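Side chains are part of it too, since the values below use all heavy atoms of this structure and drop only hydrogens, waters and symmetry mates. Bear in mind the structure is a predicted one, so any value in this text is a computation, not a measurement. Counting begins at 1 with the first residue of the sequence.
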Amino acid sequence: MDEIRGDETRGDAKGGDATGDAKGDGDGIRGAAAGTAAVPLSVLDLVTVGHGRTASQALRTGVEIAKLAESRGFHRYWVAEHHSMPGVASSSPAVILAHIAAHTERIRLGSGGVMLPNHAPLVIAEQFGTLEAMAPGRVDLGLGRAPGTDGATAAALRRSDRLNEGADDFPQQLMELIRFLDDDFPDGHPYARIHAVPGPVQATAPGGVQSAHRPPVWLLGSSGFSARLAGTLGLPFAFAHHFSAQNTIPALDLYRESFRPSAVLDAPYALIGVSALAADDEREARRQVLTGALSMVRLRTGRPGLIPSPEEAAAYDFSPMEREFVDGWLANVIHGTADEVRGGLDDLAKRTGADELMITANAHGGDARLRSYELIADAYGLPTAA
């Protein structure tokens with residue numbers, strides 16, 4: 001495997017804001033806190049499909065969430081790759097992001113993340129090069145090494161049952177992807193004459209003009225592997241606190257300890273995914289988050305389905321083992337009134353030292369999720385829509 005060095009992850013990331021103007025913010029990596037928030041706030045959308053609803057409705061809700069997030073000063077909107085889950089309609093992040101890009105103007109858009117072992121690096125470079133051409137200066141490429149699904153589905157995606165090899169090859173796949181994004185394979189490399197288009201090669205063609213920007217690469221994880229790799233390469237890091245809370249602080253510590261300055265970042269930058277839902281009263285918040293908890297019970301027991309309604313979740317007879325799981329799950333979901341959620345988010349940011357909080361609101365219906373982001377924005381005094 002070719003050596004990966006921090007200077008190979010540059011991506012023109014020393015300058016640029018959400019509109020592509022150079023302002024020294026790491027090409028949109030480092031956001032600015034808005035209102036009274038201590039750190040930038042962002043959105044992770046799983047494009048959930050509730051019982052009695054369609055994927056079309058879920059995708060329309062995604063557009064509405066992205067538009068609300070943009071108008072209220074959230075820094076970025078990401079979607080995550082999942083497969084073979086009826087309640088999650090985000091199997092194709094690049095397709096969804098292209099749709100969202102057509103309905104927004106400023107907010108950063110990205111993957112949280114693309115599961116790289118499921119794909120050929122050239123394909124991802126082409127997809128995100130296309131997104132960058134659609135929304136110049138505001139596209140993020142977040143990468144993970146997990147399959148985003150069960151083993152059988154992963155085997156179908158990868159056309160192989162040797163799944164461990166894909167995870168073990170992640171550093172090499174990452175290097176290959178970055179070289180495609182930068183169009184800088186060395187002379188003599190088998191891929192030296194292969195170019196990801198849209199991409200930098202277009203600037204070298206006769207009469208060619210190409211943006212100097214390309215999507216900054218983020219590494220995602222729920223353990224120490226990606227934390228250490230992101231630190232070693234000087235890349236931004238996103239940790240999945242929303243489903244691996246016990247590993248959050250150890251992983252962030254490892255990232256910071258491993259960090260080496262690069263052309264991308266001169267200091268560590270870490271965001272964490274946070275499950276949070278605000279409602280007009282505590283009872284309604286509890287009612288809504290229980291739907292996500294029941295959905296997780298079914299997923300963990302091999303029964304994935306649509307997100308249940310609040311009525312179905314309230315009537316469900318949890319076994320003692322399921323109740324124990326639900327209690328543990330909900331302990332990591334910040335929920336309640338807007339003030340209670342703000343207090344929980346502030347405490348989490350302080351405890352972890354996260355540079356950014358990316359909020360995911362899991363509930364059955366789009367109205368509850370939209371209301372949650374609106375209430376959180378109000379609680380922090382984020383800008384209101386013009």
Side-chain angles (χ1 to χ4, degrees), residues 17-21 23 25 28-48 58-80 90 96-97 99-112 135 137-140 142 238 242 271-281 284-285 288-289 333-349 354-363 365-386:
D17 63 357
T19 63
D21 296 327
K23 294 184 180 179
D25 66 351
I29 292 173
R30 294 187 180 278
T36 61
V39 299
L41 303 178
S42 292
V43 171
L44 173 63
D45 189 4
L46 301 183
V47 196
T48 50
L59 290 164
R60 284 197 294 270
T61 296
V63 170
E64 292 304 309
I65 289 174
K67 291 168 67 176
L68 183 149
E70 178 173 81
S71 69
R72 297 304 306 269
F74 289 82
H75 183 51
R76 65 185 98 236
Y77 171 97
W78 281 5
V79 293
S90 56
I96 295 172
L97 294 173
H99 183 57
I100 299 294
H103 289 85
T104 56
E105 297 178 356
R106 300 177 308 278
I107 193 168
R108 293 197 67 83
L109 305 174
S111 56
R138 61 186 185 107
V139 175
D140 299 322
H242 53 298
L271 69 76
I272 60 174
V274 185
S275 185
L277 190 135
D280 291 297
D281 60 67
E284 178 62 15
Q288 293 293 340
V289 297
V333 179
I334 300 172
H335 61 284
T337 65
D339 285 344
E340 289 171 331
V341 170
R342 182 187 61 188
L345 292 173
D346 287 346
D347 178 68
L348 182 62
D355 298 295
E356 184 175 335
L357 299 181
M358 178 165 275
I359 302 166
T360 183
N362 291 326
D367 289 346
R369 295 163 63 216
L370 283 160
R371 180 61 175 158
S372 176
Y373 288 117
E374 192 173 79
L375 287 170
I376 291 170
D378 288 345
Y380 282 109
L382 300 189
T384 55

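Rounding to the nearest 0.5 Å gives a distance of 5.5 Å between CG of D280 and CG of L375. Between R108 atom CZ and D140 atom CG the span is 4.0 Å, to the nearest 0.5 Å. Here the straight-line distance linking atom CZ of R76 with atom OG of S42 works out to 5.0 Å at 0.5 Å rounding. Rounding to the nearest 0.5 angstrom, the gap separating the CZ atom in F74 from the CD1 atom in I359 is 5.5 Å.
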inquiry  = If you apply the rule side-chain contact (heavy atoms from CB on, under 4.5 Å), what do you find for D45 with S90, and how did you get there?
reply    = CA-CA 9 Å; D45 189 4; S90 56; over 6 Å; no

task = Check the pair N362 / H242 against side-chain contact (heavy atoms from CB on, under 4.5 Å), numbers first and verdict last.
result = CA-CA 11 Å; N362 291 326; H242 53 298; 5.9 Å; no

query = Could you go step by step and tell me if Y380 and D346 meet the side-chain contact (heavy atoms from CB on, under 4.5 Å) rule?
reply = CA-CA 10 Å; Y380 282 109; D346 287 346; 2.7 Å; yes

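Nearest heavy atoms, V39 versus D355: CB-O, 3.5 Å.
Proximity of V139 to L97: side-chain heavy atoms (C-beta onward) are nowhere separated by under 4.5 Å. Here the side chains of L68 and V43 are not in contact, with every heavy-atom distance at 4.5 Å or above. The shortest side-chain heavy-atom distance between R72 and Y373 does not fall under the 4.5 Å cut-off. Side-chain contact between I272 and L357 is present, with heavy atoms from C-beta onward closer than 4.5 Å.
Under 3.5 Å, the side chains of R342 and T36 contain no donor-acceptor pair of N or O atoms.
Salt-bridge check for E374 with R371: passed, with a basic side-chain N closer than 4.0 Å to an acidic carboxylate O.
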